[in-house]
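Computed over heavy atoms, backbone and side chain alike; hydrogens, waters and symmetry mates excluded. FYI, the numbering just counts along the sequence from 1. Just so you know, ligand 1 is whichever comes first in the structure, and atom 1 is the first atom listed for that ligand.
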Amino acid sequence: MIQDILSTNQLTDLQKKIIHKVIQEERLNQSEGIELFDFDLGLLGVLASYVNRRKNQDKVFFNKNFHIEPTNICIYDCKFCSYHRKINQSGSWEYSIDEILEKASSYKNTGATEVHIVGGVHPNRDLHYYGKMISSIKKILPEIHVKAFTAVELDFMIKKVHLTLKEGLTKLKDYGLDSIPGGGAEIFNPEIRKEVCHEKSTADQWLTIHETAHIVGIPSNATMLYGHLENSGHRIDHLDQLRNLQDKTKGFNTFIPLKYKKANNSLSYIGEVNTIEDLKMFAVSRIYLDNFDHIKAYWPMLGKDVTQISLSFGVDDIDGTIDDSTKIYSMAGAKDQKPTMKTSELVDLIKTAGKNPVERDTVYNVVKEY
Ligand code: V47
Ligand code: SF4
């Protein structure tokens, strides 16, 4: 099919060169990556699916997970964020450890393999507070994989106890931290980052935290927030920096493009990108990140329909059951205000897209094929 496409006259010489490189498994450079955004959507889908099939055949992964958001109190004020509040501000919450443990207890014997813990950067909570939270969760759910804290939360909680990054991450590993989610990356370009989240950890800090985590044996995910002020050059620069770090450490499990959602935040005036842009973003990520095994579509953000279509644009992972406890996206205007999918729904969504559902654990060991 790709050979047929190559023989059409519609393509420029540069486009033909890029397609050849993808077929030959040659790495694309940044300007070729930028060019991909101008490809016809159908062609991008074919190319991204070709790359994905080489890596994952027709498998589409999901997991049984639940989310805990310990607090939305945050010292920062990212312009795209609808979720953060200050202490005592209306709409703020901070769960006690007991409340969190009660929630964890409700997942005993449910088959959940992962807890995803992400929240605001609370001014009064430090590494030991969160470390004890993790170790208490593990006493209740000894088999659970704890994927917790964005690099931005880690940066703050480690500095608060005056440890080096290496010491802090090792300490958290001892408390039971198994992996790190991808949040906080936003966009690495310094000018755009300054516009959308000027106060928080820099791109270099985000990258150093993930590199150090990989060195001490904690794998992680990577994200990019797209669809706000950035252009295709900024997106490829971001992917390029992730690709370079992955070459060094091989510590990233998956890449998750996060679509900017506009409700109730200071960037609302710019609106949201359309579905074509979403699908292009997934396909370009799949093609450019040749050293990432997996590209994840986070379904609470995209909605179930677009998530299903994304499976024809290079995506091989749709996250998990999630349960109804995540508010980051519902507060930013996502369609599902209480996002949760039963295993049977996830399996159906994947099967009706013509793919093979595979339940995985966090690090992509197969739990069950459906
Ligand atoms: O860093 C906040 C994003 C991230 C908005 O690793 C927004 O499996 C869009 O870490 N529109 C945190 N995005 C969430 C996160 C995450 C999510 C899903 C999967 C994984 C994983 C990690 O949420 C933040 C920011 O990029 N975010 N507000 C918004 N209005
Ligand atoms: Fe705080 Fe995270 Fe929201 Fe930024 S995105 S304001 S760091 S909760």
Side-chain angles (χ1 to χ4, degrees), residues 61-63 65-86 89 91-94 114-123 145-157 178-188 193 196-201 203 205-206 210 213 219-228 230 238 252-268 270-273 278 281 294-302 307 317-320 322 326-334 339 360 362-364:
F61 297 92
F62 68 94
N63 71 350
N65 62 351
F66 64 99
H67 283 220
I68 293 179
E69 291 174 357
T71 182
N72 67 342
I73 291 171
C74 189
I75 56 171
Y76 299 123
D77 188 14
C78 302
K79 282 195 189 156
F80 53 79
C81 176
S82 322
Y83 163 90
H84 65 281
R85 299 287 184 275
K86 298 298 173 205
Q89 191 183 343
S92 65
W93 74 80
E94 42 187 321
E114 173 192 282
V115 55
H116 167 118
I117 308 175
V118 167
V121 180
H122 193 294
H145 177 112
V146 176
K147 180 182 78 179
F149 314 127
T150 65
V152 176
E153 294 167 86
L154 290 166
D155 190 15
F156 183 84
M157 71 172 82
D178 295 304
S179 71
I180 296 177
E186 320 313 356
I187 193 85
F188 291 151
R193 194 173 182 87
V196 298
C197 55
H198 68 107
E199 302 161 296
K200 75 178 182 190
S201 320
Q205 285 166 325
W206 190 97
H210 281 258
S220 69
N221 290 343
T223 61
M224 175 176 75
L225 184 71
Y226 72 93
H228 46 95
E230 87 294 352
H238 189 104
F252 288 120
N253 287 324
T254 184
F255 174 66
I256 313 147
L258 293 172
K259 174 192 182 125
Y260 164 68
K261 302 290 291 177
K262 67 172 186 186
N264 309 312
N265 59 59
S266 317
L267 285 180
S268 298
I270 59 176
E272 286 176 19
V273 295
D278 294 329
M281 191 61 244
H294 304 287
I295 303 292
K296 187 199 279 190
Y298 186 59
W299 69 261
M301 170 197 74
L302 281 182
T307 299
D317 189 299
I318 58 170
D319 207 274
I322 299 197
T326 176
K327 296 205 179 65
I328 297 183
Y329 288 98
S330 51
M331 289 170 81
R360 59 163 174 87
T362 309
V363 293
Y364 290 87

(request) May I ask you to check if ligand 1 and Gly184 share an N or O to N or O distance below 3.5 Å? (result) yes
Numbered in order shown, the ligand 2 atoms found under 4.0 Å of a heavy atom of Phe80 are 5 (S)
* Asked: Is the shortest N/O to N/O distance between Asn221 and ligand 1 below 3.5 Å?
  -> yes
The closest protein heavy-atom partner of atom 2 (Fe) of ligand 2 is Lys200 NZ, 4.3 Å
Practice prompt. Run the salt-bridge test on Glu272 and Lys262 with the 4.0 Å N-O cut-off and return the result as yes or no.
Written response: no
Within the 4.0 Å heavy-atom cut-off, what Tyr298 brings close to ligand 1 is side chain
Could you check whether any heavy atom of Lys259 sits closer than 4.0 Å to an atom of ligand 1, since that is the contact criterion I want to use? yes
A student checking ligand 2 against Tyr76 at a 4.0 Å heavy-atom cut-off should list atoms 6 (S), 7 (S)
- [ ] Say whether, by atom type as modelled, one donor and one acceptor occur between the side chain of Lys86 and the main chain of Cys74 under 3.5 angstrom.
- [x] yes
Any heavy atom of Asn265 under 4.0 Å from ligand 1? The part involved is side chain
Open item on the list: Taking distance alone, with N or O pairs closer than 3.5 Å, would you say Phe80 contacts ligand 1?
Closed with: yes
Minimal heavy-atom distance between Lys296 and Pro257, with the atoms involved, is O-CD, 3.5 Å
Test of proximity, Ile256 against ligand 1: N or O pairs below 3.5 Å: no
Do His84 and Asp77 have a side chain donor and acceptor closer than 3.5 Å? yes
Short side-chain donor-acceptor distance under 3.5 Å, Asp155 and Ser201: yes
Return yes when Lys147 approaches ligand 1 closer than 4.0 angstrom through a heavy atom, no otherwise. yes
**OP:** Could you tell me whether some N/O pair between Gly182 and ligand 1 is separated by less than 3.5 angstrom?
**Re:** yes
Here the atoms of ligand 1 under 4.0 Å from any heavy atom belonging to His116 are 16 (C), 19 (C), 20 (C), 21 (C), 22 (C)
**Prompt:** Hey, does Lys200 come in under 3.5 Å of ligand 1, counting only N/O atoms on both sides?
**Reply:** no
message = If I take every N, O or S atom of Cys74, is at least one of them less than 2.8 Å from atom 4 (Fe) of ligand 2?
response = no
Given 3.5 Å as the limit, does a donor-acceptor pair link the side chain of Asn72 with the main chain of Arg85, or not?
no
For atom 3 (Fe) of ligand 2, the closest protein heavy atom turns out to be Cys81 SG, 2.4 Å
* Answer yes or no: is there a side-chain heavy-atom contact under 4.5 Å between Glu230 and Met224? => no
(message) Checking the side chain of Thr307 only, and the main-chain atoms of Ala297 only, is there a donor and an acceptor separated by less than 3.5 Å?
(response) no
Of Leu258, Ile187, Leu225, the one forming a side-chain contact (heavy atoms from CB on, under 4.5 Å) with Phe80 is Leu225
Only residue of Phe188, Tyr226, Trp206 satisfying ring-ring contact (aromatic ring centres under 6.0 Å, His included) with His238 is Phe188
With heavy atoms and a 4.0 Å threshold, my read on which part of Val152 contacts ligand 1 is neither
task: Report yes or no: do Thr71 and His122 form a side-chain donor-acceptor pair below 3.5 Å?
output: no
Counting heavy atoms under 4.0 Å, the part of Cys78 that contacts ligand 2 is both
If we number the atoms of ligand 1 from 1 as shown, the ones under 4.0 Å from a heavy atom of Tyr260 are 9 (C), 11 (N)
Do Ile270 and Tyr260 come within less than 4.5 Å of each other through their side chains, counting heavy atoms only?
-> yes
